[in-house]
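Order of the sequence lines sets the chain letters (A, B, ...), proteins ahead of strands, with each chain counted from 1.
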There are 2 protein chains.
Amino acid sequence: MDQLKLENQICFPFYALSRLIIRAYQPHLEELGLTYPQFLVMLVLWEQDHQSVNQIGEKLILNTNTITPLLKRMELMGLISRRKSKEDERKVLISLTPKGLQKKEKASCIPDALLANVADEQIDRTQFDELKSQLNFWIEALKKE
Amino acid sequence: MDQLKLENQICFPFYALSRLIIRAYQPHLEELGLTYPQFLVMLVLWEQDHQSVNQIGEKLILNTNTITPLLKRMELMGLISRRKSKEDERKVLISLTPKGLQKKEKASCIPDALLANVADEQIDRTQFDELKSQLNFWIEALKKE
DNA sequence: TGAATTTATATCGTATACGATACAAATATA
DNA sequence: TATATTTGTATCGTATACGATATAAATTCA
């Protein structure tokens, strides 16, 4: 029955860490006026502008029933525009507005600021990359389910 | 600007994995009639019955504004009971009902079933434990923030 | 001991998540 | 080419999360 102990679950640390990381981001994102999922959408668009709802959803592993209202709020905030694709009228293309693009510079210091805060205590680069590749292995494994 | 690429963020894998793991649990938890956070509450109570709202919240790193409605739903489902502590009338003690206790046995096979599904492809035990302790290090670091 | 402070929980408002379903545009196919 | 199927988004309902705020019980302290 030990396997039902909370501390023996591998699932819980991921659940907890996800929320703790979002909390750590919060003060930085507040300055940008973004929530964490909104920030992720911005990352995707800063990397490549003019993507369909589905393309964004696939990268963030989120369905349209989550993404659509999220994008609508971001449109209201003036960060992005939503317009139908001319080639395929089913698709809705998301583009950055000048205001949305402008935030990129302000955001660029966030990852560093966070790492400095948390991982300050000697986490060596190799170990860090090792962890990341391990996480990606799990993600790919679970995406296929 | 590469540091703003989604794939270079350490935060995203945790966010994604958390949701993917919950998805993987879903079919198993559906049989139990529980959501994932409800399952976590049950884990905490199966390990030790009769805990206050705060005690449960601390273990799951959740505030009462999340836990309270969650527990109320579980009370409606007949899994737990909520009653004021006699020693301290501010505290609300949560206890398992027979129905809640009964589910423990059915749940005991879930962790194994999941690991068999996902980690089937040779993940050795040592590496697994290493990962878990690394995650716990991060959790403790972020909890202190 | 009476008022100020702290503690434990609950309530409210907003923003995700996501299963189920709807619906229009595009594609396949008989 | 008319219909069935697929694809891309959106809508609806329910369940988290969580900041801000409220409130009653307990504790502190002037």
| query | So A:F14 and A:W138, would you call those rings parallel, tilted or perpendicular, with 30° and 60° as cut-offs? | reply | tilted
| Heavy-atom closest pair, residues B:L142 and A:A24 | CD2-CB, 3.8 Å
| query | Which residue, B:L93 or B:L20, contacts DNA chain C at a nucleotide closer to its 5' end, judged by nearest heavy atom? | reply | B:L93
| Which nucleotide, D:dA10, D:dA26, D:dT6, lies nearest any side-chain atom of A:R90? | D:dT6
Closer than 3.5 angstrom, by distance alone: can the side chain of [X] be matched with the main-chain N or O of [Y] as a donor-acceptor pair?
X	Y	result
B:E75	B:L70	no
B:W46	B:G100	yes
A:N136	B:P13	no

| note | At a 4.0 Å cut-off to heavy atoms of chain A, the contacted part of DNA chain C spans C:dA15 to C:dA26
| query | Can a cation-pi geometry be assigned to A:R23 and A:Y25, taking NZ or CZ under 6.0 Å from the six-membered ring centre and within 45° of the ring axis? | reply | no
For [X], report the nucleic acid contact type (base, sugar-phosphate, nothing); a contact means any heavy atom under 4.0 Å.
X	result
B:N65	base
A:L62	sugar-phosphate
B:K84	nothing
A:T66	base
B:R23	sugar-phosphate

| field | Residue whose nearest DNA chain D nucleotide is more 5′ - A:P69 or A:Y15 | value | A:P69
| request: Report the residue (A:V92 or B:P37) whose heavy-atom-nearest nucleotide on DNA chain D is the more 5′ of the two. | output: A:V92
Separation of [X] atom [atom1] from [N] atom [atom2], in whole Å?
X	N	atom1	atom2	value
B:D88	D:dT27	CG	P	6 Å
A:R82	D:dT9	CZ	C1'	9 Å
A:L70	D:dT9	CG	P	15 Å
A:R83	D:dG8	CZ	P	18 Å
A:Q55	D:dG8	CD	C1'	12 Å

| request: Show your working on side chain to side chain contact (heavy atoms under 4.5 Å, CB included) between A:I80 and A:V41 and close with a plain yes or no. | output: CA-CA 10 Å; A:I80 59 166; A:V41 169; 5.5 Å; no
